[in-house]
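One structure is given here, and the rest of the page talks about it.
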Amino acid sequence: MTAQILDGRTLSTSLREYLRRDTAELAAKHGRAPGLAVILVGEDPASQIYVRNKKKACVDVGIESDAFSQTLPAEISQQHLLGLIAELNADPKVDGILVQMPVPEHIDPEAIIEAIDPGKDVDGFHPYNIGRLTARMPALRSCTPFGCMKLLEQTGIDLHGQEAVIVGASNIVGRPMTMELLLAGATVTVAHKFTRNLQQHIERADIVVAAAGKPGLVKGKWIKPGAIVIDVGINRMDNGKLTGDVEFDKAAERAAWITPVPGGVGPMTITMLLTNTVQAFREHLGDTCE
């Protein structure tokens with residue numbers, strides 16, 4: 001068996017074509033484009049790349065970002081950052097607010113996330129939005145799990161009753177991914193650093209979502225024949241190569257579907273950020289018609 005590739009780049013391109021038309025129509029109707037504020041604190045090289053890619057994606061689909069975004073010095077106080085978030089919360093032209101993580105150690109990331117208006121939390125990290133998903137009433141959804149669900153849709157497989165194993169229990173991916181799969185009717189197991197016999201859990205899984213941030217953690221020989229493998233891990237090796245949490249080549253010999261790294265989940269995460277921003281814009285203006 002050779003797995004079919006779940007190509008996040010191709011799906012992302014298709015979704016952005018729709019978003020481009022949608023934002024153009026909304027801007028013509030309401031006299032302004034959706035607005036996204038992207039806040040970067042410090043000069044972390046990886047964060048700078050992520051922010052640059054997000055701003056570029058906004059330009060691509062017609063979302064206004066540059067007018068609201070800021071890069072702040074690493075030594076900025078938490079109080080100052082909270083004050084900026086309060087200003088953006090009150091700005092009617094700002095539909096989404098994203099503070100790029102990680103923030104410097106003297107700033108409490110949870111306090112920053114909770115300070116963002118849940119209706120502008122386009123990352124989908126706020127406890128309100130996580131709670132809505134848990135209660136089966138999703139609002140703004142965590143971008144990476146949301147993107148994973150869009151990729152799973154491409155398989156055409158009914159997820160009801162499927163055995164899913166998520167490797168990693170982070171607030172950003174693992175926990176909201178659990179809620180997404182439960183919402184879709186899957187039976188979900190979450191593996192984490194205290195899990196015993198990870199191999200046994202993987203071997204029975206119809207769906208594996210690897211999101212631990214450990215290269216090669218999920219061995220290819222563990223993958224159940226015909227399974228779907230979603231690799232969220234992005235790890236840069238000493239030779240500069242990017243790799244996921246799954247042994248791709250060996251897993252691809254057994255799986256029915258698999259995401260590559262790079263080019264799988266990554267492009268979808270940014271596209272779902274754009275989707276959330278447009279959704280927030282609609283909600284703010286009462287334009288909920290599709």
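As the structure is a computational prediction, the values presented were derived from the model and not from experiment.
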query = So, do Ser170 and Arg175 sit near enough that their side-chain heavy atoms are less than 4.5 Å apart?
reply = no

query = Of all heavy-atom pairs between Thr277 and Gly35, which one has the smallest distance, and what is that distance?
reply = CG2-O, 4.2 Å

key: Joint cluster assignment, Leu273 & Met149, ILVMFWY side-chain distance < 4.5 Å   = no

task = Begin with the C-alpha distance, continue with both residues' side-chain angles, and end with the deciding distance and a verdict on side-chain contact (heavy atoms from CB on, under 4.5 Å) for Asp44 and Gln100.
result = CA-CA 10 Å; Asp44 178 74; Gln100 182 65 43; over 6 Å; no

ask   = Taking all non-hydrogen atoms of both residues, which atom of Gly62 and which atom of Ala33 are closest, and how far apart?
value = O-CB, 3.3 Å

ask   = Under 4.5 Å between side-chain heavy atoms, hopping through other hydrophobics if needed: is there a path connecting Leu159 to Ile202?
value = no

task = Check whether any side-chain N or O of Thr259 sits under 3.5 Å from a backbone N or O of Asp231 as a donor-acceptor pair, and report yes or no.
result = yes

ask   = Looking only at atom types and distance, does a side-chain atom of His106 sit under 3.5 Å from a main-chain N or O of Ile76, one as donor and one as acceptor?
value = yes

ask   = Taking Arg132 for the side chain and Met137 for the main chain, is one N or O donor matched with an acceptor at less than 3.5 Å?
value = yes

query = Any donor-acceptor pair under 3.5 Å linking the side chain of Arg254 with the backbone of Ile223?
reply = yes

ask   = Checking side-chain contact (heavy atoms from CB on, under 4.5 Å) for the pair Met177/Ile230: CA distance, chi angles, key distance, verdict?
value = CA-CA 11 Å; Met177 190 75 229; Ile230 306 292; over 6 Å; no

ask   = Do Asp206 and Ile228 come within less than 4.5 Å of each other through their side chains, counting heavy atoms only?
value = no

task = Calculate, to the nearest 0.5 Å, the distance between atoms CZ and OG1 belonging to Arg9 and Thr271 respectively.
result = 12.0 Å

task = Verify, without hydrogens or angle tests, whether Thr155 (side chain) and Leu152 (backbone) share a donor-acceptor contact under 3.5 angstrom.
result = yes

message = Let me confirm one number: the OG-CD distance from Ser142 to Glu180, rounded to the nearest 0.5 Å.
response = 7.5 Å

key: Glu110, CD: over 12 other non-hydrogen atoms inside 6.0 angstrom   = no

inquiry  = Taking Leu40 as the starting point, is it possible to reach Ile85 by hopping between hydrophobic residues whose side chains are less than 4.5 Å apart?
reply    = no

Smallest separation among heavy atoms of Gln78 and Asp108, with atom names = OE1-N, 2.8 Å

ask   = What do the steps show when you test Trp222 against Leu198 for side-chain contact (heavy atoms from CB on, under 4.5 Å), and what is the final call?
value = CA-CA 9 Å; Trp222 296 354; Leu198 177 62; 4.0 Å; yes

ask   = Taking Cys148 as the fixed residue, which of Val173, Val232, Leu181, Ile166 is the one that meets the side chain to side chain contact (heavy atoms under 4.5 Å, CB included) rule?
value = Val232

query = Checking Ser14 side chain against Leu11 main chain: does a donor-acceptor pair fall under 3.5 Å?
reply = no

ask   = So do Ile270 and Ser12 actually touch side chain to side chain, heavy atoms under 4.5 Å?
value = no

request  = Provide the closest heavy-atom pair for Cys143 versus Val122 in the form atom of the first, atom of the second, distance.
outcome  = SG-O, 3.2 Å

query = Looking only at atom types and distance, does a side-chain atom of Glu247 sit under 3.5 Å from a main-chain N or O of Gly220, one as donor and one as acceptor?
reply = yes

Verify same cluster id: Val229, Leu6 (apolar side-chain graph, 4.5 Å) = no

key: Salt-bridge criterion met for Glu203 and Lys224 (N-O under 4.0 Å)   = no

ask   = Using 4.0 Å as the upper bound for N to carboxylate O, is an ion pair formed by Lys214 and Asp245?
value = no

ask   = Is any side-chain heavy atom of Val41 less than 4.5 Å from a side-chain heavy atom of Leu81?
value = yes

inquiry  = I'd like to know if Asp95 pairs up with Lys120 as an ion pair, taking the criterion as any Lys NZ or Arg NE/NH1/NH2 lying under 4.0 Å from an Asp or Glu carboxylate oxygen.
reply    = no

Any side-chain donor near an acceptor of the partner, Lys221 and Gln199, under 3.5 Å = no

ask   = If you draw a 6.0 Å radius around CG in Asn239, do more than 12 non-hydrogen atoms from other residues or ligands fall strictly inside?
value = yes

key: Heavy-atom side-chain proximity of Leu140 to Gln279 below 4.5 angstrom   = yes

task = For the residue pair Val278 and Val61, establish whether any side-chain heavy-atom pair is separated by less than 4.5 Å.
result = no

task = Would you give the length of the straight line joining atom NE2 of His126 to atom CG of Asp121, rounded to the nearest 0.5 angstrom?
result = 6.5 Å

ask   = Under 3.5 Å, side chain of Asn197 to main-chain N/O of Gln200, donor-acceptor pair present?
value = no

request  = Can you see which heavy atom on Ala212 is nearest to which on Leu217, and at what distance?
outcome  = CB-CD2, 3.7 Å

inquiry  = Do Glu64 and Leu36 have side chains that approach each other closer than 4.5 Å (heavy atoms only, starting at C-beta)?
reply    = no

query = What distance do Leu88 atom CG and Asp117 atom CG have between them, rounded to the nearest 0.5 Å?
reply = 11.0 Å

task = Calculate, to the nearest 0.5 Å, the distance between atoms CG and OG belonging to Leu98 and Ser69 respectively.
result = 8.5 Å

query = Would you say the side chain of Leu26 lies within less than 4.5 Å of the side chain of Arg32, judging by non-hydrogen atoms?
reply = no

key: Donor-acceptor contact present, side-chain Asn235 to main-chain Thr243, <3.5 Å   = yes

task = State plainly whether one hydrophobic cluster holds both Val265 and Met272, where clusters connect Ile, Leu, Val, Met, Phe, Trp and Tyr through side-chain heavy atoms under 4.5 angstrom apart.
result = yes

key: Whether over 12 other heavy atoms sit under 6.0 Å from Phe248 CZ   = yes

inquiry  = So for atom NE2, which belongs to His80, do other residues, nucleotides or ligands contribute more than 12 heavy atoms lying within a distance under 6.0 Å?
reply    = no

key: Phe68 atom CZ, over 12 foreign heavy atoms within 6.0 Å   = yes

inquiry  = Strictly distance-based, threshold 3.5 Å: is any side-chain N or O of Asn129 a donor or acceptor partner for the main-chain N or O of Ala139?
reply    = no

message = Just checking Lys250: does its NZ atom have more than 12 heavy atoms from other residues, nucleotides or ligands closer to it than 6.0 angstrom?
response = no

Atom pair OG1 (Thr187) and CD (Glu163), whose distance is rounded to the nearest 0.5 Å = 5.0 Å

ask   = Under 4.0 Å between a Lys/Arg side-chain N and an Asp/Glu carboxylate O for Asp22 and Arg16?
value = no

query = Which atom pair, heavy atoms only, marks the closest approach of Val246 to Ala210?
reply = CG2-CB, 3.7 Å

